[in-house]
Protein chains: 2
Amino acid sequence: MATIKDVAKMAGVSISTVSYALNNHAKVSKKTKQKIMDAARQLNYQKNGLASDLKKNSTRTIAIIVTDLAGPHYAELVKGIQEVTLSKGYDLLACSSVGEETSTAVKFLTEKRVDGAIVLSHNIDEDIIIQSARKEFPIILLDRKVDSDFVVSIEVDNEEGCHMAAEYLIEQGHRDIAFISGNSIGSLHVQRVRGYESALRKHGLDGKSRLHQFGLFNQDNGYSMTKMLIAQGNLPTAIMYANDEMAIGGIKAFKEYGIEIPSDVSIIGFDDIELAQYVRPALTTVMQPKYERGALAAHLIFQILEGQDTQDYYKFSTQLVLRDSVQKRKE
Amino acid sequence: MATIKDVAKMAGVSISTVSYALNNHAKVSKKTKQKIMDAARQLNYQKNGLASDLKKNSTRTIAIIVTDLAGPHYAELVKGIQEVTLSKGYDLLACSSVGEETSTAVKFLTEKRVDGAIVLSHNIDEDIIIQSARKEFPIILLDRKVDSDFVVSIEVDNEEGCHMAAEYLIEQGHRDIAFISGNSIGSLHVQRVRGYESALRKHGLDGKSRLHQFGLFNQDNGYSMTKMLIAQGNLPTAIMYANDEMAIGGIKAFKEYGIEIPSDVSIIGFDDIELAQYVRPALTTVMQPKYERGALAAHLIFQILEGQDTQDYYKFSTQLVLRDSVQKRKE
DNA sequence: CTGTTAGCGCTTTCAA
DNA sequence: TTGAAAGCGCTAACAG
């Protein structure tokens, strides 16, 4: 791994000049700076944050200490990761990618502050991942595919899951099935849409016209989009939501309008988050293995660190969870 | 802040010997080791984890990268912390205290890996907190009171909250009110119990006999304890739970027995977690400010770091949230 | 068993 | 504008 020293040698300048250049201390001439930057890029130089923090005697980071990192919607997933990591005697810490390029996440991916990373986040640039991954720093991606050395992807068969869900609805006699989703950036959601469309096509139905993709994948947006759908009139008899959160927003919207689930409209979610079983009606949804994926992710990190070979792609399958939000279509 | 050098000087040995002793490299004689340990204790020596990681070229820690640290039951709280931290240009990372003395949390509290900590966790030894806090490393404690320099506590008026909840139940005509709680280690829960008891006493009722304290403060235990209560017969007309999670476990137990809430029994929780509004019946509970407490915690860190004075104790008040799990007692 | 010493990779003062 | 050099706090090879 290249250090500041290597960059200095390659650029033909001193270490201190490199340090100044890298930290934008205006006193470096444009020309030297350019040389240094080029060298750094060529060597794929990555700063050692520990060394710089040690020298500066400051980390500029705050820890928040919780009893258990599990607890969020990805609770089960984190639990799997946590148990494996702990059993290996490693530490686990969570950081977020809010802030994009300057986020804590990017800092941890690029500054040798940790020995490996599991990424659940979709707003991390692919380049950063590719640049950072190496044998001593494996990166595991969840719900996202990037093809590069020392990065392995773990996905869930979203297409199959949605296909299955749509077919189930069709079996229940539904013919007019809408799909409510957000702006899909990640592959995750394009796969879900694809599963929906392929099922409808297979049964000679038209999905395209009933596809609503806009905004975020959260409750609020599920709520808004459902209200829009209601306002347009001509309600479908069933709605698939891109995920449970959006579906739960939808339930709220229908409740406000006095539209009954499932007698007036059937709905189905995706993920099987904890809340899904508590909302009324309990949400029928597509479950994806969580604990197992987390545990696998952690295992893979250690396998790579130990120099063992792994596949570079894993796919888990999904399962329909029948609860109370879908009803057979009355003729 | 004492370093390994200071310890060496004080113990009258070389730094390498100190390093060996501190890391249990068996080759150090019992006597020297004792001298070193004593010196370390006297100087309140704390290892610099960055330096050692830098030297060893390994951190033995894995990062898990999430879109947003908010998401768990403490979602709102974390959100408050996150926004303030980000606005100051600091990084925020979460780590857990599972593993007790050897947990990641302890490592971060004691090894200068971060510049401050906000502790939401109750299983962190008070001594560790007192030893670690200093001007350059302030510690903010939530729901827990420790009196020491550079540690500030932020509590919620739990006693008032429970007192209020109990009085509300009494107003609704309830006379037989049970309290279900876990083994209280922290002050948090003794305060809650106290609020309950003081309200009952004030109205000439006996709380003692109806107090059930056992096990953890989670759903499973709420479920079990409720079932025990049912099995004993002689059900109270109202139950207060130490927190929402336990109350939700209780709801599940009652459902299994076909006992209706609130017509057969009224229940009330504490915290107002997200789930509380979704369970059926929606849970009446005591709300505590979350976002505000988080934001305050983060602000305090920076105030202390900047050398400003702060109070060493803050208390927020609570508010009753009326939903559907309490009913007026029919005569 | 203990001490000397060379660095880990970086920042920053001081001198050129 | 650039470079030399000291040193952050620690570990570990080596010598004694």
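In what follows, chains carry the letters A, B, and so on, assigned in the order in which the sequence lines appear, proteins first and then strands, with residues in each chain numbered from 1.
Side-chain atoms of B:Ser132 come within 3.5 Å of backbone atoms of B:Leu109 as a donor-acceptor pair (strictly under, hydrogens ignored). At least one donor-acceptor pair closer than 3.5 Å links the side chain of A:Ser153 to the backbone N or O of A:Arg144.
Rounded to an integer number of Å, the gap from B:Lys35 NZ to C:dC1 C1' is 12 Å. Atom CG in A:Asn48 sits about 13 Å away from atom C1' in D:dC8, given to the nearest Å. Regarding A:Asp53, its CG atom lies at a distance of 14 Å from the C1' atom of C:dC8, rounded to whole Å. Taking atom CD1 of B:Ile4 as the reference point, atom C1' of C:dG3 lies 13 Å away to the nearest angstrom. Taking atom NZ of B:Lys9 as the reference point, atom P of C:dT4 lies 14 Å away to the nearest angstrom. In this structure, A:His25 atom NE2 and C:dT13 atom P are separated by 9 Å, rounded to whole Å.
The side-chain hydrogen bond (donor to acceptor under 3.5 Å, both in side chains) check on A:Gln288 picks up A:Asp271, A:Arg293, with sequence neighbours excluded.
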TODO: Check step by step if side-chain contact (heavy atoms from CB on, under 4.5 Å) holds for A:Met10 and A:Asp6.
DONE: CA-CA 6 Å; A:Met10 179 161 205; A:Asp6 304 309; over 6 Å; no

TODO: Classify every nucleotide of nucleotides 2-7 of chain D by which part a protein heavy atom approaches to under 4.0 Å, writing B for the base, S for the sugar-phosphate alone and - for neither, in 5'-to-3' order.
DONE: BBBBBB

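With C:dC10, D:dG9, C:dT12 as the choices, the nucleotide that has an atom nearest any side-chain atom of A:Leu54 turns out to be D:dG9.
The two residues A:Asp115 and A:Leu305 have their closest heavy-atom pair at O-CD2, 3.7 Å.
For B:Asn23 and D:dT11, the shortest distance from a side-chain N or O to OP1 or OP2 is below 4.0 Å.
Inspection of the B:Asp38 and B:Gln34 side chains reveals an N or O donor paired with an N or O acceptor under 3.5 Å.
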